[in-house]
Structures are given as structure tokens and as C-alpha cells.
Amino acid sequence: MSRQPLDHTSPDSFSRRTFLQGAGALLGGTTVLASCQIDQADPSEQEGARHPWVKDPSPFIQHPTNLETRLEDLHGYVAPNDRFFVRNHAPTPRIDRATYQLRIEGDGVETPIDLGYDDLLRMSSHSTLAYLECAGNWRGFYPEVYGKAASGGQWKTGAVGAASWSGVSLGTALERAGLRSDAVAVNLFGADEGSFNRPMPIAKALESDTLLAYGMNGATLPPDNGFPVRAVVPGWVGSNSVKWVQRIEVSRSPIWTKNNTTSYVLIGDGWQADQFAPADGGPITTLNVKSTLALPRPAQLSAGLSILRGFAYSPYGRIRTVEWRVDDGAWAPARLVEPILDRMWTRFECDWTASPGSYRLTVRAVDALGNGQPETAPPNEKGYLLNIPVPHPVEVV
Ligand SMILES: Nc1nc2c(c(=O)[nH]1)N[C@H]1C(S)=C(S)[C@@H](COP(=O)(O)O)O[C@H]1N2
Ligand SMILES: [Mo]
């Protein structure tokens, strides 16, 4: 298997490349770039049919079909695979990689093709570090922010995770089928019940970091996170990162499906809908800037000095500043922890000497382009993309 040079076109590419070369140490000694190191054991053989997921759910906040990460459990740069959140619309399908086939078809390609798992492993590999976040992350704060719950999973802050992903650039796979120059949209379908799918425009599909990934943090993709092959669409809402991809449709006309007309759209006063027909509202694509403390909610701390930790992230560029404050006090800068890369989360720390009492701690972030978190924003029916800073309750004893 050839090891390809990284192909990053962003201005941050140099430091990202430097980081990737040193990433083995941070990721527990595995070499993230060499896809030939992918563990050959078949995770689909594991036990676990009792749950709609396969991984041990005990470290997570459990929702009916979803597993929410406890951010306070993360102590490294990436979220380990056994702590990475799971968002499932249907139970995790068990797929045998020996018989797995990925179909690429549609009027946007010259020749429909089928690719097996080994075909993908033999293609040029591409790795990237990126965070994934569910559009509904923080939805559980709707009652305290807007006085009313929004429909959907009541996530707090743990429907987000960062990982190193390895696989094949989606564009490289599409080229195998003879991508037509007049193709405009790509839809990816999962092998789960209901065949979860969400389209994206061809330009996003052809970004080199838009992947068909088979590796995660130097290991084989876990079943719950998409084994054998998932999409990774950095910077875009998690729903575009379709798991268990088994069919790709390339089209010469825009594609409208449930997941860009009635779901994953912004509906409500203050959100323009008319211009998005046939969708009920604007389909959400790019994520937004957020920051959060990595503490249980509510948190309990001992009086004296605490080093508070957290994560800040932006889909647009690197995090430039994180600020924090106690109750309605003055904002103070938090300390950013290297590495600080675009499309990854950045860890931050705040030193806090506190005496016993009840407090509300708030954090807010700004990225290198000046994007930050708003003081106010209109709610939307499905509770997507909330990024108003929400105070974190802390009890000091
Ligand atoms: N096939 C399939 N892909 C899917 C989903 C799904 O239910 N089925 N959920 C999507 C959503 S809404 C999110 S947020 C991400 C979550 O990825 P994860 O479960 O690996 O954290 O997967 C996306 N891909
Ligand atoms: Mo999601």
C-alpha cells in the first residue's frame, strides 16, 4: 500500500502536517498515517446485539439510541474510539468486510462501479484530523435558553468528538466511476435500516479532506462509528458524515431528500424559509463556533485551586481565543493548549481559585477569522446549531 504525501491546501497545512508526523506519540504510539497498520481483526464478530450499539455504553450518557461522550473523561487530544459519541437513527448494522461492496452510480458518472473493502485499501490513502459534531449537540439547553424544549435527542455538550481519520478521498473514489464535469450533487446511503442518507454539493464532495474513512485514531473504524466505511465531511454537521456507506449516487441535478428538506433544516421565526423551496427551511451545512468546559453537569469541585479544562472548536479556522468568567464577573483569557489546528478542537485551561459556594461559569471562543459565539440567536424548531454561551453550574465545597 503506498503512503501518499498529505494533500492539504489550507494555509495551515504546514503546521498540520508537522503535527500529523508527530501524532503517533499523542495517539498512543500508533502510526496514524499508515493504513496498512489497520488492525485486521473483524469488529463485526464482536458480541453486543443487546443494544442498538456495539461499544460498551457504560462510560457514556445513554440516550435511547445514542451515546453521549462525557467530555470530562477525555484527557488527550483526540476522543478515544471507546469514548467517541454515537448518533444512530437505527441500530448499528453488522457488516462483513469480505462481502462488503460500495456501489457508485447515477447520471453524474460515466460507469457505475462496485468497490470492495480491499479495493478501497489499495487506493491512495489520505488522513486528516477533524472534529465531528451532531447538529443537535447542546439541544438539551433549549429549555434554559429559550424556555421550551426542541424536538430531538436532548444532548448536552457531548455529541462532539475529534479523531484522526484515514481512508480515501471521496473524489478519488468518484473518479474511478468517471465523474462527469456536469455533476452537481452527491448522496451517500448507509446500510442501516432506513438507509440513512444526506446529499451534499459536488464541491464539498471533492474537497481532499472529505473522506471515505476506514480508519479512526489508528485502528479499524468501530462498528458504531461506521465500520467498514464511513464518510467524514470536516466542518459540516455530523449528519453528512454518513456511516456504513454502501451506495453513492452522483447526480447532474440537485438532490432533495428528507434529510435536506424536513430534517436538518432551520425552521422558525427569524430563519428565512421561502428561498429554500422545496425544503421547509435552510438546509444546515457548516457547523459553528463553540466552546465548553469538560466538567460533569452540574460539577462539584473542592475549594482552592482547580485547573478547569475544556474544548473549543470552529469549522472555519483555528481557535484564536477562549475567555471565561465566573457568574457576571469580568471575562478573562483561558490558556490554549497546543496543538491548535483548523477543523480540530482546541483544548483550553483556566486556573480558578474558589471558595465554597454555587457558581455559574461561562466560556466563549473566537476563531482566527473573528467568528465567535452570539449573545442571542433565534431558536429553531429542531434545535440545531445552538452556540450561545450557556453557563455551567458548579458547586464548590
Ligand atoms: N448511516 C448512518 N449514518 C449516520 C447516521 C445514521 O444514523 N446512519 N447518523 C448521522 C449523524 S446525525 C451524526 S451526528 C453522525 C455521528 O457519527 P458517530 O455516530 O460516529 O459519532 O453520524 C451520521 N451518519
Ligand atoms: Mo447528528
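Counting starts at 1 for both ligands and their atoms, following the listed order. Below, all heavy atoms of this structure are taken into account, side chains as well, without hydrogens, waters or symmetry copies.
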Within the protein, flag every N or O under 3.5 Å from an N or O of ligand 1, and note the pair and distance.
residue, atom, partner, partner atom, Å
ligand 1, 1 (N), Asp192, OD1, 3.0
ligand 1, 1 (N), Asp192, OD2, 3.2
ligand 1, 1 (N), Lys243, O, 3.0
ligand 1, 3 (N), Lys243, N, 2.8
ligand 1, 7 (O), His89, N, 2.8
ligand 1, 7 (O), His89, ND1, 2.7
ligand 1, 8 (N), Asp192, OD2, 2.6
ligand 1, 9 (N), Arg87, O, 3.2
ligand 1, 17 (O), Arg230, NH2, 3.1
ligand 1, 19 (O), Arg87, N, 2.9
ligand 1, 19 (O), Lys243, NZ, 2.5
ligand 1, 20 (O), Asn225, ND2, 2.8
ligand 1, 20 (O), Arg230, NH1, 2.6
ligand 1, 21 (O), Phe85, O, 2.7
ligand 1, 24 (N), Ser241, O, 3.0

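- The closest side-chain donor-acceptor pair between Asp224 and Thr92 falls under 3.5 angstrom.
- Under the side-chain hydrogen bond (donor to acceptor under 3.5 Å, both in side chains) criterion, Arg252 pairs with Asp182, not counting sequence neighbours.
- Between the side chains of Asn225 and Lys55, at least one donor-acceptor pair of N or O atoms lies under 3.5 Å.
- Here Tyr146 pairs with Tyr142 under the ring pair (Phe, Tyr, Trp, His ring centres under 6.0 Å) rule; sequence neighbours left out.
- Using cut-offs of 30° and 60° on the angle between ring planes, the pair Trp352 and Trp324 is perpendicular.
- Phe196 is linked by a ring pair (Phe, Tyr, Trp, His ring centres under 6.0 Å) to His89, counting only residues two or more places apart in sequence or in another chain.
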